[in-house]
There are 4 protein chains.
Amino acid sequence: MDRICIVIQAKTTRKVVQTLGAGRPRSTVAHQAILNAAGELLDKHGFRAVTMEAIAARAGVSKATIYRHWHNKAAIITERFLQQTASTIGFLHSGPVSEDLRLQMRALARAFSGKSGRVIAALVAEAQDDPTVADALLNHWILIRREDTRRVLQRGMDQGELRANLDLNVVMDALYGPIYYRMLVRHLPLNDDFIDHLADHVLNGLLGGAHHPSIHLMD
Amino acid sequence: MDRICIVIQAKTTRKVVQTLGAGRPRSTVAHQAILNAAGELLDKHGFRAVTMEAIAARAGVSKATIYRHWHNKAAIITERFLQQTASTIGFLHSGPVSEDLRLQMRALARAFSGKSGRVIAALVAEAQDDPTVADALLNHWILIRREDTRRVLQRGMDQGELRANLDLNVVMDALYGPIYYRMLVRHLPLNDDFIDHLADHVLNGLLGGAHHPSIHLMD
Amino acid sequence: MDRICIVIQAKTTRKVVQTLGAGRPRSTVAHQAILNAAGELLDKHGFRAVTMEAIAARAGVSKATIYRHWHNKAAIITERFLQQTASTIGFLHSGPVSEDLRLQMRALARAFSGKSGRVIAALVAEAQDDPTVADALLNHWILIRREDTRRVLQRGMDQGELRANLDLNVVMDALYGPIYYRMLVRHLPLNDDFIDHLADHVLNGLLGGAHHPSIHLMD
Amino acid sequence: MDRICIVIQAKTTRKVVQTLGAGRPRSTVAHQAILNAAGELLDKHGFRAVTMEAIAARAGVSKATIYRHWHNKAAIITERFLQQTASTIGFLHSGPVSEDLRLQMRALARAFSGKSGRVIAALVAEAQDDPTVADALLNHWILIRREDTRRVLQRGMDQGELRANLDLNVVMDALYGPIYYRMLVRHLPLNDDFIDHLADHVLNGLLGGAHHPSIHLMD
DNA sequence: TGCTAAACGAGACGGTACGTCAGGTCTTGAT
DNA sequence: ATCAAGACCTGACGTACCGTCTCGTTTAGCA
C-alpha cells in the first residue's frame, strides 16, 4: 500500500509528518481547540497561566495529544501568533517609500498595542531561554518581515528617495527596533503619534545646522 | 523605648525594612553570597539553571534566607545586574554631543554583548510576566539611564548641534531601541560597526536629495 | 458512554476511586513499594525516619505518587500494619472460652512485643492528632478485633462459663486495655507471664473471702 | 567567689541550674506565661498547634527564652500537666479498699475526660517517639500514681478484702489499663458508669458457676 | 551608685520536610 | 494510529518549624 506523506508547514517547529493510509487521522478539531485554548489563556490570564495542563484542560484534550502536534509550548504560541497576526501588517506599496514605511509601522504598532503585543512579547521572552523558540521567532517572523521591508527600502534607494549609501540592516533596526523596545519595556505608549515622530526623526535625521557634517557621515 | 527604623534602599524591590534596635541583623555575607551565586549560575549555565534551590546550595544558604532578603528570583538578578553593570556605561560629557552619544552607545553595546547581555535579556524576559520585575527594571535601569541621556541631548539642542524641535523621548528610543532589539532578537551582531552605522543613520537621517522635505518634517 | 466506577476498598482512608475505562491504571508495583519502604523505615530507623521524602526515595517513587495513593503518612502505615498483622492473632475457637481468650491475648501480646508494637503504638500516637488516623485505626483494627472477641465472650455467657450479667464492652476493655497500656507506657514487660496473671486476675476477680459480696455486684 | 547552686526540681527534664550570685534571674513571669501559652494552645487548637514558635508568640517571649527554661516541647507540656492535674486525683483512704479504688478511678476518668485527657494523650503519643518524654511521663506520673495505688491494694490484701496471692503490678494494670485504653482509642465514653462496671467486673471476676475453678487459678 | 553578668525580645541563620505544581512520558481501553 | 484520561518520575516551588545564633536592652545583686 502506498502512503502519501504531506509536509504541512515545512520549516516550522511544528511536528508535521502527517501520514495518510494507516491509523486514525489527526483531529483538526483538537488542533484548533488547542490553539484557541492557548490563545485565550494568554489573552485572559497572561503567560504564567499558559501551562500545558491548562491548555489540555481548556481544550478538552489530553497532554499527549498536544505533544503529538507540537513539541513545545512556544511552538503553539508561535503558530497561534502567526495565524492571527501575520496578515494584518503588510505594506501598501503604493506611495512614496517614507509614507509606505510610516503606514506599515503604524499597523505594526497597533498590532503590538493589542493582544498580539502580549504574544510577541511572550515569544521574545521565551526565546531568551529556549533556542527553538528563538529559531522559530527569527525564521518565521522577524526575517520574513525584514525581507518585505528590505524590498521597500531598496526601492527607496533605487529611486533616490533614500540616501544611496545606507546599510539596510541598520536602517531596519533603526525603524523597527524602537517599536519592539517600547513594546517590551513599556516605558511609554506605542501609539500613532510615537510612530509619526519616530519616522520623522529617523528619516530626516537629528542634526541641526551647527554640527560638523563631515564627521561620521559615512561614504 | 522608641525605635529607629531606617529604610535602606527605598525604591527597589528588595525587602529593606531593616529595623535597628531589635533582632539579629541581616547577614551581609549571606546577602552577597546569594548575589554571587545567582550571578555565577546565570553566567555559567544560563537562566534555566538559576533556581532558588541551586542558588541556595551554591551560596551555602537556606532558601528561607533568600526569601527573607528578596521576594523574587528576578529581584536578585536585578540587584546583581545593577551592582555590576551600572557603573560601566556612563557618558564622557567631553566632546560634541554626537560623539558622546556614539561612544556611550558603544559602551552599552559592548556590555550587552557580554554577560550583562544575558542578564538584561533575562530581566526583560521576566518582566513580561512579572510586574515587580518590570517595575524594578524600569525604575532602576531604564529611566535612570534615560535621565542621563536626556541631559546630553538637551545640551545638544541648546547648543544647536541637534535640531530644536526634537521629541527627546522619541530620540532616545531611536538611538537605544535598536540596541535592545539586536540584543533580544539576536538576528545580527551587536558590534562597534553596527553602532557607528546606527549613529550615523539616525543622526544624519535616511533621506536623499529626491525626497519631499516639506512632508512630515515636524514643526 | 457510561463509565463503571468501582470502589475497591470502600471504608478505608485509602484513596480508592479507581475508574475503569479511562486513564492509566494505578501501579500496584509502586503501591507495594511504598508500603514496603514505609515499613522498612519504621522497622529499622523508627517513626522519626518515616518521612514522605524518605519513603519516596527508598521506594523509587515520586512524592506525588504517594499522595495520589494516600493522603496521609499515617494511612500508609495503617495499611501496612493491617496487611501484615491482622492475620496473626485470631482465635482458635476450640476450647473453654477462658482458654481461648488467654491464648489469643498471648498472641496479641507477642505481636505487640515485636515490630507490630512499634507500628500500633505509632498509630495510636498519630491518632491523637489526626482524626483520619483515629478513624482508620478504630474501624479497621479495634472494632474488627472486638467483634471477634465479642462472639467468643457471648459463647462463654451462653454456655454459663461466664457470668450472665456482664457488660461485654467493659469486659473487652478489662482484658485488652491492660495490654495496650503496657505496650504504650512500657512500664513493665508484655510477656506470657503477664498475660497469664492478667487473665487469671480478671476472670477470677480480685476479692478475697473477707469482702462484702453484696456490694457492687451488679444485677 | 562562692556560688550557691540550687537544684529546683531535681528529677525532671526541666533545666534547673539556677545560679545565685550573678546575672539577671530567670523571669518567673516568662516561665508561667510559656506554660499557660502552651496549655491554651493545646486546649484550643490541639497538639499540632503547639509549636515552639506559636508558644513564643502567644507568651510574648523569645524562643531562646523557652529553650533556656526547658530543652523539650514535651517537657513544657509535662510540667503544665503535672502542675494542673496531679492534685486532683488522690485517694480518700477512708473506706473499704474496693470503694476507695472505685472513687479514685472515677476521679481519674473524669480528669481524662476533660482537657487533661488531651494533654496526657498528647504526652503518651509524644512518648512513643521521644525517650525523654517517655521517661518523664513514667517517672513523674505513672510510677508516682502507682506507688499510691500499691499502698491501697496492699492494705486490701493485708486486711483480707483482696485475695492474698495477687500480683499487684498486674492488678494495677487491670484497673487502670482500661481507662487509658478508652482515653487513647476513644471507642467508647469514659464515664462513671464505665468505671463502676469495670470495677465490678475486675473485682468480682468474670466467671460464672459452670467453669472449672481449678484451671489457672494461680496459687 | 555604679558594675557586671546573665536573662530578655527580637528575629536572622542553616536545615529538613512539607504538600503542590508543571513538565514531559507512558499506559490503558476506546474510536 | 490517534484519542481522552490519567498515572508516572523529576525537579522546583514557597512555607513552616526546628534549634541555634547574634544583636541591643533590661535587671538584679555585688562592689
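Order of the sequence lines fixes the chain letters, A, B, ..., with proteins taken first and strands second; residue numbering starts at 1 for each chain.
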J.: Among B:Leu42, B:Ile34, B:Val50, whose side chain to side chain contact (heavy atoms under 4.5 Å, CB included) with B:Ile76 holds?
T.: B:Ile34

J.: OP1, OP2 of F:dT2 versus side-chain N and O of A:Thr65: anything below 4.0 Å?
T.: no

J.: Measure the distance from CD1 on C:Ile66 to P on E:dA17 and round it to the nearest whole Å.
T.: 13 Å

J.: For DNA chain E, what residues of residues 46-59 of chain A have any heavy atom nearer than 4.0 Å?
T.: A:Thr51, A:Met52, A:Glu53

J.: OP1 or OP2 of F:dG6 versus the side-chain N and O atoms of C:Arg68: is any pair under 4.0 Å?
T.: no

J.: Under the side chain to side chain contact (heavy atoms under 4.5 Å, CB included) rule, collect the residues that match up with B:Ala56, sequence neighbours excluded.
T.: B:Lys63, B:Ile66

J.: Is the phosphate of E:dG24, meaning OP1 or OP2, less than 4.0 Å from a side-chain N or O of A:Lys73?
T.: no

J.: What residues, two or more places apart in sequence or in another chain, satisfy salt bridge (charged side-chain N to carboxylate O under 4.0 Å, His left out) together with A:Lys73?
T.: none

J.: Whole-Å distance between E:dG11 C1' and B:Arg24 CZ?
T.: 9 Å

J.: Considering the terminal five base pairs at each end of the helix from E:dT1-F:dA31 to E:dT31-F:dA1, what angle separates the two local helix axes, rounded to 10°?
T.: 10°

J.: Got a sec, which residues hit side-chain hydrogen bond (donor to acceptor under 3.5 Å, both in side chains) with B:Arg48, two or more places apart in sequence or on another chain?
T.: none

J.: Between F:dT20, F:dA4, E:dC13, which nucleotide has the shortest distance from any of its atoms to the side chain of D:Tyr67?
T.: F:dT20

J.: Please list, chain by chain and in numerical order, all residues satisfying salt bridge (charged side-chain N to carboxylate O under 4.0 Å, His left out) with D:Arg118, sequence neighbours excluded.
T.: none

J.: Are D:Lys63 and E:dG11 close enough that a side-chain N or O sits under 4.0 Å from OP1 or OP2?
T.: no

J.: Examine the side chains of D:His69 and D:Glu79 and answer whether a donor and an acceptor come within less than 3.5 Å of each other.
T.: no

J.: Among E:dG14, E:dC8, F:dC9, which nucleotide has an atom closest to any side-chain atom of D:His69?
T.: E:dC8

J.: Once side-chain hydrogen bond (donor to acceptor under 3.5 Å, both in side chains) is applied, do any residues pair with C:Gln32, and if so which ones, sequence neighbours excluded?
T.: C:Asn36, C:Gln83

J.: If the condition is side chain to side chain contact (heavy atoms under 4.5 Å, CB included), which residues does B:Ala64 pass it with, not counting sequence neighbours?
T.: B:Ser62, B:Arg68

J.: Using atom CH2 of B:Trp70 as one end and atom P of F:dC13 as the other, report the distance to the nearest whole Å.
T.: 15 Å

J.: How would you list, by chain and number, every residue that makes a side chain to side chain contact (heavy atoms under 4.5 Å, CB included) with B:Ala49, sequence neighbours excluded?
T.: B:His45

J.: Measure from the side-chain heavy atoms of C:Ala64 and tell me the nearest of E:dA7, F:dA5, E:dC21.
T.: E:dC21

J.: Rounded to whole angstrom units, what separation is found between the CG atom of C:Asn72 and the P atom of E:dC18?
T.: 12 Å

